[in-house]
Amino acid sequence: MTVSQTRKNSTPIKVYCLPEEKTQIQENAEASGLSVASFIRKVAMGYQVESIVDIKQVIELGRVNADLGRLGGLLKLWLANDPRTIDIPPTLIKALLAKIESTRQELRTIMDRILDI
């Protein structure tokens, strides 16, 4: 009877590191979505380790993008002289433009935060 070889029944490799190094390795592994062992194995074997994007941030980007879409739709109606928007005052349109700009800035901030991972 042959026993299939797995990593669990193989010889481990010990790596000594300083506490700060251990923390950095753990953070890098977490950012890549891998266990520490998988992360170290991939890096040691020369594989490129990709970082994963935080799902919460992606959801937040989707929400901000939907806000921009709704604001843009309202502005398009007003610019097309749609009868439903005839009573919208120019001050409200200026406020809408300001909201679009602030939403764009919010989107940019979130994107920058994702890229800093």
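By convention here, the first residue in the shown sequence is residue 1.
Summarising the geometry of L68 relative to I100, their closest heavy-atom pair is CD2-O, 3.7 Å, with the distance given to 0.1 Å. The two atoms that bring A29 and S35 nearest to each other are CB-O, 3.9 Å, heavy atoms only.
Between the CD atom of E106 and the CG atom of L61 there is a distance of 9.5 Å, given to the nearest 0.5 Å. Interatomic distance, CD of E60 versus CG of L107, reported as 9.5 Å (0.5 Å rounding).
At most 12 heavy atoms of other shown residues, nucleotides or ligands fall within 6.0 angstrom of atom CD in E30.
A donor and an acceptor atom, one from each side chain of Q24 and N28, are located under 3.5 Å apart.
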Distance-only criterion, 3.5 Å: show the donor-acceptor pairs between side-chain atoms of residues 12-22 and protein atoms not counting sequence neighbours.
{"unit_1": "E21", "atom_1": "OE1", "unit_2": "L18", "atom_2": "N", "d": "2.7"}

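For the side chain to side chain donor-acceptor pair (under 3.5 Å) test, residues two or more places apart in sequence or in another chain that qualify with D67 are R63, R70. Annotation: side chain to side chain donor-acceptor pair (under 3.5 Å) contacts of Q26 (sequence neighbours excluded): none.
Through side-chain heavy atoms spaced under 4.5 Å, either directly or across other Ile, Leu, Val, Met, Phe, Trp or Tyr residues, M45 is tied to Y47. Clustering of Ile, Leu, Val, Met, Phe, Trp and Tyr side chains at separations under 4.5 Å places I25 together with L34, V36, F39, I40, V43, V49.
Identified under the side chain to side chain donor-acceptor pair (under 3.5 Å) test for residues 90-100, with sequence neighbours left out: none.
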